[in-house]
Amino acid sequence: MQYWLMKSEPDEVSIDDLAVAPKQTVPWFGVRNYQARNFMRDTMQIGDLAFFYHSGGAAPGIAEFARSVPSLTGPNPVCCTQRDFPSAAVNPYFDPKSSPDKPRWWLREVRFVSKSRYLPLAELRAHPELANMRLLARGNRLSITPVSNAEWAFITQELMGQ
DNA sequence: GCCAACGTTGGC
DNA sequence: GCCAACGTTGGC
């Protein structure tokens with residue numbers, strides 16, 4: 001059992017989108033970074049929990065967290081051909097170097113668990129308990145990062161409103 | 001919109 | 001295998 005933090009721009013997929021999605025489940029198909037892919041494909045287990053982090057957005061420095069469960073199924077190859085995205089005339093995630101027999105990118109399904117209050121990034125930074133959090137590391141851009149047990153416990157307690 | 005940090009690409 | 005150029009991310 002491992003904890004995670006998964007970033008998404010709320011314009012693309014927000015926690016509320018996830019909550020109203022069919023089966024409250026969404027395929028996390030946008031990862032195009034090898035390190036994040038490896039985390040998702042190799043280390044993430046079905047049933048792991050993750051914080052849902054809203055990056056970018058209109059409110060500067062505001063992050064939103066919720067608990068979700070990555071992965072109802074195992075890792076699945078993604079984005080092998082343009083046909084994998086029939087609804088999009090031009091798929092921004094299309095990678096010509098990924099093929100069905102040699103997929104380069106993978107996805108996992110993520111299911112909604114619960115929504116919490118907002119926990120702004122600035123607030124995260126203010127807690128010395130989270131000083132070593134991967135998310136807060138200088139220059140970090142990974143869209144999927146591991147969260148330690150201690151960090152998970154601390155943030156969860158913060159989110160409960162204590 | 002700016003820009004720092006980082007990842008990827010491709011020429012050599 | 002090096003590394004410069006370029007593209008992307010994401011906070012501000």
What are the atom names and distances for every N/O pair under 3.5 Å that joins the protein to nucleotides 8-10 of chain C?
| from | atom 1 | to | atom 2 | distance (Å) |
| --- | --- | --- | --- | --- |
| C:dT8 | O2 | A:Arg141 | NH1 | 2.6 |
| C:dG10 | OP1 | A:Lys7 | NZ | 2.9 |
| C:dG10 | OP1 | A:Arg141 | O | 2.9 |

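- With sequence neighbours excluded, no residue satisfies side chain to side chain donor-acceptor pair (under 3.5 Å) with A:Ser116.
- Residues satisfying the ring pair (Phe, Tyr, Trp, His ring centres under 6.0 Å) test with A:Phe112, not counting sequence neighbours, are none.
- With sequence neighbours excluded, no residue satisfies salt bridge (charged side-chain N to carboxylate O under 4.0 Å, His left out) with A:Lys7.
- Evaluation of the ring pair (Phe, Tyr, Trp, His ring centres under 6.0 Å) rule for A:Trp28 yields A:Phe52 as partners, not counting sequence neighbours.
- Protein atom CG of A:Asn38 is 14 Å distant from nucleotide atom C1' of B:dG7, rounded to whole Å.
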Output a table of donor-acceptor pairs, distance under 3.5 Å, between side-chain atoms of residues 125-136 of chain A and any protein atom two or more places apart or on a different chain; print 'none' if there are none.
| from | atom 1 | to | atom 2 | distance (Å) |
| --- | --- | --- | --- | --- |
| A:Arg125 | NH1 | A:Leu136 | O | 3.3 |
| A:His127 | NE2 | A:Glu158 | OE1 | 3.4 |

